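Chain identifiers are assigned alphabetically (A, B, ...) following the order of the sequence lines, protein sequences preceding nucleic acid strands; residue numbering begins at 1 within each chain. All of these numbers come straight from a predicted model, not from anything done at the bench.
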Amino acid sequence: MEKIGIEDLPGLFEALAGVFAEKKDELCDMDAKMGDGDLGLTMEKGFSAMPGLVKENTEEGNIGKTLFKAGSRMAAIVPSTMGTLMASGIMEGGKRLNGEKEMDASKFALFLRGYADGIKKRGKCEVGDRTVLDAIDKAASKAEEKASGGASLAETALAAKEGAEEGCEATKDMKPKFGKAAVHEAASIGVCDQGATVGKYLLEAMCAFISA
Amino acid sequence: MEKIGIEDLPGLFEALAGVFAEKKDELCDMDAKMGDGDLGLTMEKGFSAMPGLVKENTEEGNIGKTLFKAGSRMAAIVPSTMGTLMASGIMEGGKRLNGEKEMDASKFALFLRGYADGIKKRGKCEVGDRTVLDAIDKAASKAEEKASGGASLAETALAAKEGAEEGCEATKDMKPKFGKAAVHEAASIGVCDQGATVGKYLLEAMCAFISA
Amino acid sequence: MKKIINAPENYTDDMLKGIYRAHGDQVKYVNDDLRCYCTAKKKDGKVAIITGGGTGHLPLFLGYVGENLLDGCGVGGVFQSPSSEQIYNVSKEVEAGAGILYLYGNYTGDIMNFDMAAEMLEMDDIEVKSIVGADDVISNKDPALRRGVAGIFFMYKCAGAKAAEMGSLDEVLNAAKKAKDNTRTVGFALTPCIIPEIGHSNFTLEENEMAFGMGIHGEPGVWNGPVKTAKELAEEAVKEILDDMPVSSGEEVSILINGLGATSLEELYILSGNVSEILDSKGIKIYRTFVGEYATSMEMAGASISILRIADDEMKKWLDMPVNTPFYSQA
Amino acid sequence: MKKIINAPENYTDDMLKGIYRAHGDQVKYVNDDLRCYCTAKKKDGKVAIITGGGTGHLPLFLGYVGENLLDGCGVGGVFQSPSSEQIYNVSKEVEAGAGILYLYGNYTGDIMNFDMAAEMLEMDDIEVKSIVGADDVISNKDPALRRGVAGIFFMYKCAGAKAAEMGSLDEVLNAAKKAKDNTRTVGFALTPCIIPEIGHSNFTLEENEMAFGMGIHGEPGVWNGPVKTAKELAEEAVKEILDDMPVSSGEEVSILINGLGATSLEELYILSGNVSEILDSKGIKIYRTFVGEYATSMEMAGASISILRIADDEMKKWLDMPVNTPFYSQA
Ligand SMILES: Nc1ncnc2c1ncn2[C@@H]1O[C@H](COP(=O)(O)OP(=O)(O)O)[C@@H](O)[C@H]1O
Ligand SMILES: Nc1ncnc2c1ncn2[C@@H]1O[C@H](COP(=O)(O)OP(=O)(O)O)[C@@H](O)[C@H]1O
Ligand SMILES: [Mg+2]
Ligand SMILES: [Mg+2]
Ligand SMILES: [Mg+2]
Ligand SMILES: [Mg+2]
């Protein structure tokens, strides 16, 4: 696929929902070790609502506004930490594409940067805090680099995916700063942050969809 | 032993306490099937307090008043159904011997009749209601019969013991009328009432003490 | 047994020490006996209402001693009656010149000890009347032989209000009786509880098993089987109650959804909603809904449903009267 | 999983239906959304205090909406934040011309959603200030990163009283802050709880094992080990609290002994007695003792101990102010 159009969005989110359905128990278990064990549940619920939300909120010819509106509806459906962060990412990513018809490589990079900024603002977090941001931020950087060099959407998505994987891997050595995990520093050493793992699966699924 | 004197009472109740210590779990289990499972506990507690209570409440030359006073103290220690009934039995039995120095065969029968009447009054029960009264009443009747025929204390006690055993056995076919067991008619068929079982053990232990 | 306790044999007294330490401005004990529990705010000329029973059912029994409710409570060991001596001592302390009402649950041990205390008071020329709560429909076909469970709350409420209105002993007794005649309860347990000194539960329920009709001391129920839904339980319990005490469409009732100890308040409200729906569908009006832990069995999981048929407007006034104890307030 | 429920996915909404059915005279919902929980007795010109959080902690959070306490609550699914939209809708309903205080627990999901709602209200020119409860000493060395647990009750009590006195938004915020700065909590769990839609507990404890410092969502504690006595637990918890917030001999505190759900009130009073003895031995005076279920985790067994250092006489007045909600009354 060379560009992502509005009509591709339901399929894209269906693919994401499929991945999170598959990873549900794994994510719940990771989360239970550090927090409250609901992570897989909310990710599946949030992303499986998105195809419908995108259809209900389609703004003709404006992929940005469509994503923004669907994202803000998703926030109401999964108001947990990661649910809200994912929704905030989609909303801010959508804002950056306001007025655009579709996403090519550079707009995909723009979307990912918005996604990361949305998380950063809502979570009041920085890169290095051992959160989902570490995966998404790295994905955005790698995508920006590739896209600015004139790469295709598929190449850009591949770079983003590799960035997310790297960013996720890097959380293994980070100390948790936020909430429930912070008290369990010891348990977190050498293990990926569960939120960053969500980020990794997210980009892997996007890349697979785009390359298919 | 031909007569029970005041000085014999601590030993008598020690013997009873020993029997109930031994039967504790059995009685608790019986009670749990029909009620709340505390019967063995309270019987052991009540009778093991009696040797001390008898000593503390000894009225020189008055075995009746000694029993009455010790019994009323026992009521405060084990205020459960059977605890109160046993105490009421001892108290009323004691009243009937007010002013007496000791118990011979006929006074033993008098004591048992008082014991039964105390239970009857306090429990507002009748013979045939499937309670401890069925064992004690039969014990009193048999003792009265024997004693009035001029039998020895030991012979009278043996008759009383047999009466208690018979009375207890008879509860197998009786329908429970009171409290917790009444709802479980079915479970009670063919099984001795747990309170009557207490009555049986009580008389068996008295008889053994007197014959020893 | 997992409990936050010290020596099991001190369970009742340790609990009482904590209660007096926390609420010393409202309650006290007499005769140097922690188990003689009395209001610290005696009111002259008022009928004194005294209750009592075993420990393990908080807020029952002592929790209802306070303004516009009860005046004293004899506290027994876990699931055991207080002694007649203790009840007598409480009676002597809180009696205020207008006589005493003994109001407690229909359990043999308690009856005998309250009766003995009443006999002792007769010698002192103090007038005592007695009435027992006997609301547990399942426990016996004969209403006179039924156990008293959570529905006693309605008797406390009505008798307490009438006494607060400075009613006579007979009037207070009649208020209790009016509540008693119109109250029915059905309960069910999902897990047993453990008497601290015994250390293990006296019955067991399988992983998905519950006991319908079980007594608050763990007396076996009418059926054991797989856990039903809240709605099914509500239907079965309401049916048992209304079969025993018919209530017509248009009549009013008050309901009490009581938790046995471990069951969450969330579940109690789910159950309460289901009970209300059933009553709605029959055209029965609900005057007041009480939901919470009113009579427990320590950490037993389960609930009971009580229905009070509103007999007249006076009863509504009694239900509405504010009350205030260390354990229970209604504004 | 043994619970008195219907379909697990309807747990929160079934509970809410039961609550509105029982207490429709005192509370209501707006926007056709059961989870937008509001007082039915709005008071003009008063600062509106709004809380919110996941279901599963009754009486927290919605149970504190009522007279002299809070005005509204966003209700989330089990252990999940309400949405920003729901918080916004509650805010629009209960706002009464004097601004809004958001007062809730320090959990990321809640923070993000309350922040989003506040941003939405800014667009409507409604003034909002926010403060989070963060009293759980064990959860983080950094006070700013600690979880909010039962101690939030003291914040509700102080802020609610100040708002009832018609204080300004800043004054109400300061009352909440004064309570926050002087409150510390330590808790421990004896059994886990089960999220209805998940169906099994997310951690396990052995037959005689407990978890000290565990979070109310089951976040692992600082140690797991054999169940200690009430006295030992009281000592360890009070030490953790006083190490973090020194209180001198002669100073006054208020204590809150909170049950996590399945623990009996009897045990809570045993624990309360032990905590009081420890404070007595240090010469610390106890102004008021609160014992009961204030913040639970459904059917989790365990307890928490909160200590509020009395900062001044005004705080005592706030603690003494009568309150009245469907779930909690103080006369
Ligand atoms: N303030 C924050 N900013 C960004 N990400 C965060 C923040 N707090 C937590 N996270 C991420 O959220 C993940 C947990 O998500 P989730 O299970 O939904 O949270 P919870 O159940 O605690 O509400 C963490 O692994 C982390 O990656
Ligand atoms: N009203 C009564 N009169 C005489 N005996 C009774 C009465 N009610 C119960 N009992 C006897 O008491 C026994 C139960 O004793 P106990 O376990 O102490 O009672 P509970 O635990 O129910 O208070 C029954 O088996 C029966 O023999
Ligand atoms: Mg989580
Ligand atoms: Mg028994
Ligand atoms: Mg409880
Ligand atoms: Mg509870």
Side-chain angles (χ1 to χ4, degrees), chain C residues 2-7 11-12 14-19 21-23 55-56 58-59 63 67 190-191 193 205 207-208 210 227 229-231 233 257 261-274 276-277 286 289-293 296 298-299 301-303 322 324 327 329-331, chain D residues 2-7 11-12 14-19 21-23 55-56 58-59 63 67 190-191 193 205 207-208 210 227 229-231 233 257 261-274 276-277 286 289-293 296 298-299 301-303 322 324 327 329-331:
Chain C
K2 273 187 183 180
K3 289 185 193 265
I4 303 170
I5 58 173
N6 298 303
Y11 183 81
T12 299
D14 281 354
M15 169 199 82
L16 286 168
K17 282 180 201 160
I19 291 173
R21 182 69 181 81
H23 308 301
T55 288
L58 282 184
E67 282 165 54
L190 274 68
T191 68
C193 64
L205 289 168
E207 177 45 31
N208 189 38
M210 66 176 292
V227 176
T229 65
K231 205 168 163 208
L233 292 169
I257 311 299
T263 289
S264 68
L265 203 42
E266 286 82 3
E267 290 164 78
L268 297 180
Y269 272 100
I270 291 173
L271 185 63
S272 177
N274 290 137
S276 303
E277 277 167 21
I286 302 173
T289 304
F290 299 87
V291 183
E293 291 183 352
T296 64
M298 297 187 288
E299 74 285 2
N324 181 32
F327 291 79
S329 282
Q330 179 184 323
Chain D
K2 274 187 182 179
K3 289 185 193 266
I4 304 171
I5 58 173
N6 298 303
Y11 183 82
T12 299
D14 281 356
M15 170 199 84
L16 286 168
K17 282 179 199 160
I19 292 173
R21 182 71 181 80
H23 309 301
T55 289
L58 281 183
E67 283 164 56
L190 275 67
T191 68
C193 64
L205 289 168
E207 178 43 35
N208 190 37
M210 67 175 291
V227 176
T229 65
K231 206 169 161 206
L233 292 169
I257 311 298
T263 289
S264 68
L265 203 42
E266 286 82 2
E267 290 164 78
L268 297 181
Y269 273 102
I270 291 174
L271 186 62
S272 177
N274 290 138
S276 303
E277 277 167 23
I286 302 174
T289 304
F290 299 87
V291 183
E293 290 182 353
T296 65
M298 297 188 288
E299 74 285 2
N324 181 32
F327 291 78
S329 283
Q330 179 184 324

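- Note on C/Ala22, C/Ala7, C/Gly273: by heavy-atom pairs under 4.5 Å with chain D, the leading option is C/Ala22.
- In terms of non-hydrogen atom pairs under 4.5 Å with chain C, the most contact-rich of D/Asn208, D/Val227, D/Leu190, D/Leu271 is D/Leu190.
- For D/Ile257, no part sits under 4.5 Å from any heavy atom of chain C, backbone or side chain.
- Proximity to chain C is limited to the side chain of D/Leu233, based on heavy atoms less than 4.5 angstrom apart.
- With rounding to the nearest 0.5 Å, the separation of CD in D/Glu299 from CD in C/Glu299 is 14.0 Å.
- Remark: D/Met298 CE to C/Glu266 CD distance equals 7.0 Å, nearest 0.5 Å.
- Taking CD1 of C/Ile19 as the reference point, atom CG of D/Leu268 lies at 10.5 Å (rounded to 0.5 Å).
- In terms of heavy-atom pairs under 4.5 Å with chain D, the best-connected choice from C/Lys2, C/Gln330, C/Met15, C/Lys3 is C/Lys2.
- The CG atom of D/Asn274 sits 4.5 Å away from the CG atom of C/Asn6 when rounded to the nearest 0.5 Å.
- The line from OG1 of D/Thr263 to CD1 of C/Ile4 is 4.5 Å long, rounded to the nearest 0.5 Å.
- Taking D/Gly292, D/Ser272, D/Gly56, D/Ala301 one by one and counting their heavy-atom pairs under 4.5 Å with chain C, the maximum is reached by D/Gly56.
- There is no contact between D/Phe290 and chain C, counting heavy-atom distances below 4.5 Å.
- Separating the CD atom in C/Glu293 from the OG atom in D/Ser264 is a distance of 9.5 Å, to the nearest 0.5 Å.
- Looking only at heavy-atom pairs under 4.5 Å with chain C, the residue among D/Ala303, D/Pro59, D/Ser276, D/Gly63 that has the most is D/Ser276.
- Of the two parts of D/Glu207, the backbone and the side chain both hold a non-hydrogen atom closer than 4.5 Å to a non-hydrogen atom of chain C.
- Most heavy-atom pairs under 4.5 Å with chain C, from the set D/His23, D/Glu277, D/Met210: that is D/His23.
- Residue with the most contacts toward chain C among D/Thr289, D/Thr229, D/Thr12, D/Ile270: D/Ile270 (heavy-atom pairs, distance under 4.5 Å).
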